[in-house]
Amino acid sequence: SVDPGIPDYMIQALKSPGRLVVPVGPVWGKQRLVVLDKSETGEISYKKLIPVTYVPFQLDEKKTSYSFGDIVVMALLVVVAVIFKTYVMQRSTDAQPTLHTMSQ
């Protein structure tokens with residue numbers, strides 16, 4: 001794989017040109033947000049951004065209704081995700097962290 005923790009099949013499935021934003025590292029452990037870009041020619045480059053902890057968000061499929069508190073928490077998680085995405089996209093264009101390139 002190009003970067004530890006990013007499986008080759010995910011990189012191969014990425015459309016050219018394309019971008020993959022993914023947490024890399026053990027679940028519930030120290031992770032790093034990685035932005036991987038695939039050029040039109042298939043060249044791969046990636047940037048290691050900020051430390052993160054990805055927490056899987058799953059709804060209970062057996063539950064038929066959710067309380068107001070559950071809905072508020074879900075809405076807040078969506079708002080945080082949108083703010084975070086905006087921050088990552090802005091940061092990836094402003095600051096230039098270490099850039100690694102590798103041809104496939």
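Side-chain atoms are counted along with the backbone in the values below, which use heavy atoms only and exclude waters and symmetry mates. Predicted model, so just to flag it, every value in this text is computed and none were measured.
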If I compare all heavy atoms of Pro26 with all of Gln31, which pair ends up nearest, and what's the gap?
O-NE2, 2.9 Å
What is the minimum heavy-atom distance between Ile50 and Arg32, and which atoms define it?
C-NH1, 3.4 Å
Counterpart residues, side-chain hydrogen bond (donor to acceptor under 3.5 Å, both in side chains), relative to Ser39 (two or more places apart)
Thr41
Testing the basics here: between Val52 and Pro23, what is the closest heavy-atom pair and its distance to 0.1 Å?
CG2-CB, 4.0 Å
For Leu14, which residues count as a side-chain contact (heavy atoms from CB on, under 4.5 Å) partner, sequence neighbours excluded?
Leu20, Leu36, Lys38
